[in-house]
Amino acid sequence: MDRIQLLQGDITEMHVDAIVNAANRSLLGGGGVDGAIHRAAGPKLKEACAKLNGCETGQAKITTAYRLPSRYVIHTVGPVWHGGEIGEKQQLASAYQNSLILAKEHKLKTIAFPNISTGVYAFPKELAAKIAIQTVLEFLDDDDWFEEVTFCVYDDENYKIYQDLLNV
Ligand code: ADP
């Protein structure tokens, strides 16, 4: 738990080794946090993403971060919520897990996550937070690689949910 940080703010302003983008499968940019990351990183990010051939739901790909203060962007695709009976929970856990695996493969020590799938993709916020926290905690329990994992929360509702679940 001491390597987990909760923060409310804009993920594009974070000085960490990698920020995670809640992208869509095309990786060509969208709204929400994806749009904010592409605006702040500049047009080269889209050019780099265009070479990646998209990304499957639950998987993750990495680019440098161009004008952002972080070093890398890990683009992961969370599931669209369709009621929870078609694997959405497992896919959301995979998005967090594969982002951590990719960050470790690139020897990155600090990483910040947005609340993947809880915007346009409509995943229930509390359930998403439970899955996010459990997945990260399990990873950190098994592995001492990461120095700090930040949940960068944007909206007040998610912030309250994370405060309650993390007991901070
Ligand atoms: P998805 O399509 O995965 O649902 P969204 O971008 O619509 O992705 O929303 C995911 C989460 O990102 C939401 O909880 C939203 O409040 C949050 N968000 C939006 N802009 C930012 C930002 N600049 N920094 C961090 N989080 C953000």
Side-chain angles (χ1 to χ4, degrees), residues 4-43 45-46 49 52 54-63 65-100 102-103 108 110-136 148-166 168:
I4 289 190
Q5 190 194 12
L6 175 64
L7 197 106
Q8 187 171 23
D10 183 347
I11 202 164
T12 66
E13 294 173 3
M14 289 205 63
H15 294 252
V16 284
D17 291 335
I19 60 168
V20 176
N21 181 15
N24 58 44
R25 294 200 304 167
S26 77
L27 298 185
L28 295 179
V33 70
D34 194 4
I37 288 172
H38 277 272
R39 271 194 304 280
L45 181 62
K46 196 169 173 182
C49 285
L52 297 176
C55 183
E56 292 301 320
T57 304
Q59 301 297 309
K61 296 199 175 176
I62 191 165
T63 63
Y66 300 98
R67 292 183 195 152
L68 292 165
S70 64
R71 292 171 56 209
Y72 291 87
V73 179
I74 291 177
H75 307 266
T76 190
V77 183
V80 177
W81 180 258
H82 289 293
E85 301 298 326
I86 54 167
E88 296 97 323
K89 289 171 261 188
Q90 188 49 49
Q91 286 172 328
L92 186 64
S94 295
Y96 281 92
Q97 208 167 28
N98 285 322
S99 298
L100 292 167
L102 194 55
L108 309 179
T110 57
I111 181 169
F113 284 97
N115 302 142
I116 300 165
S117 286
T118 67
V120 174
Y121 282 6
F123 206 107
K125 288 183 178 177
E126 180 150 2
L127 181 56
K130 283 181 178 158
I131 292 168
I133 291 168
Q134 191 189 337
T135 305
V136 169
E148 193 163 68
V149 179
T150 303
F151 291 111
C152 178
V153 174
Y154 200 62
D155 57 278
D156 293 340
E157 191 187 348
N158 264 319
Y159 191 61
K160 177 93 184 56
I161 290 169
Y162 273 80
Q163 274 184 315
D164 287 348
L165 291 173
L166 291 170
V168 290

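First listed ligand is number 1; within each ligand, the first listed atom is number 1. Counting begins at 1 with the first residue of the sequence. Quick note: numbers below take in every heavy atom, side chains included, and nothing from hydrogens, waters or symmetry partners.
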Donor-acceptor pair, side chain of Ser117 and main chain of Pro79, under 3.5 angstrom: yes
Selected option - heavy-atom contact closest to atom 9 (O) of ligand 1, from Gly35, Gly119, Pro114, Ala40: Gly119
Residue and atom name of the nearest protein heavy atom (relative to atom 23 (N) of ligand 1), distance in Å to one decimal: Asp10 OD1, 2.9 Å
Atoms of ligand 1, numbered as shown, that sit under 4.0 Å from any heavy atom of Gly9: 24 (N), 25 (C)
Check: Leu28 main-chain N/O paired with Ser26 side-chain donor or acceptor under 3.5 Å: yes
Where His75 and Cys55 come nearest, the two heavy atoms and their spacing: O-SG, 4.2 Å
Side chain Gln91, main chain Lys89, donor-acceptor under 3.5 Å: no
Asn158, portion touching ligand 1 at heavy-atom distance under 4.0 Å: side chain
Check: Asn24/Tyr121 side-chain N/O donor and acceptor closer than 3.5 Å: no
Test item, Thr12 contacting ligand 1 (heavy atom, 4.0 angstrom): no
Top protein contact for atom 10 (C) of ligand 1, by heavy-atom distance: Asn115 O, 3.3 Å
Min side-chain heavy-atom separation Thr110-Thr150 under 4.5 Å: no
Nearest-neighbour protein heavy atom for atom 13 (C) of ligand 1, which is reported as residue plus atom name and distance: Thr118 OG1, 3.6 Å
Any Ser117 heavy atom less than 4.0 Å from ligand 1: yes
Identity and distance of the protein heavy atom lying nearest atom 6 (O) of ligand 1: Val33 N, 2.8 Å
Atom 24 (N) of ligand 1 - nearest protein heavy atom and its distance: Ile11 N, 3.0 Å
Validation row: Ser99, Gln59 side chains within 4.5 angstrom (heavy atoms): no
Residue and atom name of the nearest protein heavy atom (relative to atom 8 (O) of ligand 1), distance in Å to one decimal: Ala22 CB, 4.0 Å
Any donor-acceptor N/O pair, Lys61 side chain to Leu52 backbone, under 3.5 Å: yes
Backbone or side-chain N or O of Val120 under 3.5 Å from ligand 1 N or O: yes
Nearest-contact summary for atom 26 (N) of ligand 1 - protein heavy atom, Å: Tyr154 CB, 3.4 Å
Check: Asn115 side chain, Thr118 main-chain N or O, donor-acceptor pair, under 3.5 Å: no
Taking atom 15 (C) of ligand 1 as the reference point, the nearest protein heavy atom with its distance: Asp155 OD1, 4.2 Å
Gln8 and Asp156 side chains, donor-acceptor separation under 3.5 Å: yes
Which of the ligand 1 atoms, numbered from 1, are nearer than 4.0 Å to a heavy atom of Ala36: 23 (N)
